[in-house]
Number of protein chains: 2
Amino acid sequence: MPKPSSTNPNSSAEAQAQLHEAQDRFIASWGRMGSVWGISRTMAEVHALLYITGRPMCTDDIMARLGVSRGNVSMSVRSLLEWGVVEKVRLPGDRKEYYSAEQDVWSMMRAIARERIKREVDPLLDALDEIAELGPQVGARSPEEARELQKRLDDVRDGFGLITTLAHKFAGPRGAGLQTAAKLLAKAPVGRKATHGRSRNPAKGGSS
Amino acid sequence: MPKPSSTNPNSSAEAQAQLHEAQDRFIASWGRMGSVWGISRTMAEVHALLYITGRPMCTDDIMARLGVSRGNVSMSVRSLLEWGVVEKVRLPGDRKEYYSAEQDVWSMMRAIARERIKREVDPLLDALDEIAELGPQVGARSPEEARELQKRLDDVRDGFGLITTLAHKFAGPRGAGLQTAAKLLAKAPVGRKATHGRSRNPAKGGSS
DNA sequence: AGCAGGTTTCAGCAGAAACTGAAAATAGAA
DNA sequence: TTCTATTTTCAGTTTCTGCTGAAACCTGCT
């Protein structure tokens, strides 16, 4: 029910404001995250907004809530659609387009991981392969330095290659299995118990 | 043996130039990577230079090779030292400071991962915890929306929490075990075989 | 102590990225 | 088809980030 959030039996104006604030905080954090990841702050904020409210929203809703221009919303939504973390929704009897975010966190994370690998790791791997091909030339004249170079190149390649293989299992179309794998690995005693030093806020909602 | 790379029995001027070019390409790629990761291009380039040559270098060497200012080198090196991927080296009989990069790729990757988690994930987790504390207020007046909010917050938290736990095993002081774990996981049939569609350059000249 | 060689800091500049606003394009209704 | 509500594009503007270069600051030799 994408109802223009107005007076709802359950929510007083005050509670509304508090909800609003909590949401805004999430949006702000996610947005800051976005800058660190190299995507635009607004794009991350739009995504956060759609995710946290869970309701389809149209361009004007987003503009109003985030206080950004129409053009900016349009561009951000487009990227989000490309990433596959947001989809268009048509409401019958309304000419506007509505947008809503992927609600399953793991799908969402897969999508994010997929994009990031594409942008961050793959180009490096390509470059590495390309550079490796210069090796023989060097090797012809300077075998020792060529070997050193080749070794370092290979080391990096192998490291990132492994990570990529791993990540593709996670991010690929059938990647859901990795959620399980991750949980397994998280439990497995690799070295020692690595509590990440943060006490989970207890009870409350069970999750997916 | 940090010899100012001059005439070496094994290397003709030509081979030297070719080695140089291969290195430069690596440096450029790694530098581009850096921008994507939100660290300055120069910082990444300095690191790449120190890694790929494997030789300790002083400020002037770096300035000359990378064509950047003294101040820039100074700042970059400082960050690199903080990240723990580069260390100071004193050469006896020379007042200059020399710097050299961690040569083990896995240590290097652990260091990188550690920094990135610190900068990217931890703040989000903190924000999430903080926001979750606003929940009860909302809940008092609007139980339904509060539950929805809490659930979404928890979902994200759980997802990132799991990843963090995992990552800390990898990046932590005893994290070396994860190299093994990664290899294991890479082999394990999670769903289906995920060849990452890239054929490793097979010894010599593949095509580009 | 004074001095020479080296490193760090930082104000100002330059280039890049993000954002706006309005014009152009598009898609649905009649 | 035409008319109109909505979305997209893009040139201009603003904002941000990284870089430089010179002055200030260390550090250890004499």
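Quick note on labels: first sequence line is chain A, next is B, and so on, each numbered from 1. Not measured: the values here are computed from a predicted model.
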**Prompt:** Taking atom C1' of D:dT7 as reference, at what distance in whole Å does atom CE of A:Met63 sit?
**Reply:** 12 Å
**Prompt:** Does a side-chain N or O from B:Arg95 land closer than 4.0 Å to OP1 or OP2 of C:dT7, or not?
**Reply:** no
**Request:** Please tell me which of the listed nucleotides, C:dC19, C:dG6, D:dT7, lies nearest to the side chain of A:Glu97?
**Result:** D:dT7
**Message:** Rounded to whole Å, how long is the line connecting atom CZ of B:Arg41 with atom P of C:dA14?
**Reply:** 17 Å
**Request:** To the nearest Å, give me how far apart CG (B:Asp61) and P (C:dG6) are.
**Result:** 12 Å
What does the list of N/O pairs under 3.5 Å between the protein and nucleotides 20-24 of chain C look like, with a distance for each?
unit_1, atom_1, unit_2, atom_2, d
C:dT20, OP2, A:Ser69, N, 2.7
C:dT20, OP2, A:Ser69, OG, 3.0
C:dT20, OP2, A:Asn72, ND2, 3.1

**Request:** Please determine if B:Asp155 and B:Lys151 form a salt bridge, counting it only when a charged side-chain N lies under 4.0 Å from a carboxylate O.
**Result:** yes
**Request:** Ignoring hydrogens and angles, tell me if any N or O in the side chain of B:Arg90 forms a donor-acceptor pair with the backbone of B:Arg95 under 3.5 Å.
**Result:** yes
**Message:** Heavy-atom nearest nucleotide on DNA chain C for B:Thr59 versus A:Ser76: which residue maps closer to 5'?
**Reply:** B:Thr59
**Message:** Is it the case that over 12 heavy atoms from other parts of the model lie below 6.0 angstrom from the CZ atom of A:Arg78?
**Reply:** no
**Protein-nucleotide distance (A:Arg90, atom CZ; C:dG28, atom C1'), rounded to Å** = 8 Å
**Prompt:** How many Å lie between CG on B:Asp94 and P on D:dT27, as a whole number?
**Reply:** 17 Å
**Message:** Heavy atoms from C-beta onward define the side chain here; which of D:dT6, C:dA4, C:dT8 lies closest to that of A:Lys96?
**Reply:** D:dT6
**Message:** On DNA chain C, compare the nucleotides closest to A:Met43 and A:Gly93; which residue's is nearer the 5' end?
**Reply:** A:Met43
**Prompt:** Looking at D:dT8, C:dT7, C:dA27, which one has an atom nearest to any side-chain atom of A:Lys88?
**Reply:** D:dT8
**Item:** Ionic contact status for B:Glu115 with B:Arg110, cut-off 4.0 Å
**Value:** no
**Prompt:** Is it true that A:Arg55 and A:Asp61 have a side-chain N and a carboxylate O under 4.0 angstrom from each other?
**Reply:** no
**Fill in**
Rounded to whole Å, the OH-P distance (A:Tyr98 to C:dG28) equals 15 Å
**Request:** Return the value, rounded to whole Å, for the distance between atom CG of A:Asp60 and atom P of D:dT6.
**Result:** 8 Å
**Nucleotide C:dC10, atom C1' - distance to CZ of B:Arg78 in whole Å** = 13 Å
**Asked** Given D:dT7, D:dC19, C:dT9, which nucleotide is nearest the side-chain atoms of B:Ser40?
**Response** D:dC19
**Prompt:** Salt-bridged, B:Lys96 to B:Asp60, with N to O below 4.0 Å?
**Reply:** no
**Asked** Is any side-chain N of the basic residue among B:Arg116 and A:Glu120 closer than 4.0 Å to the acidic one's carboxylate O?
**Response** yes
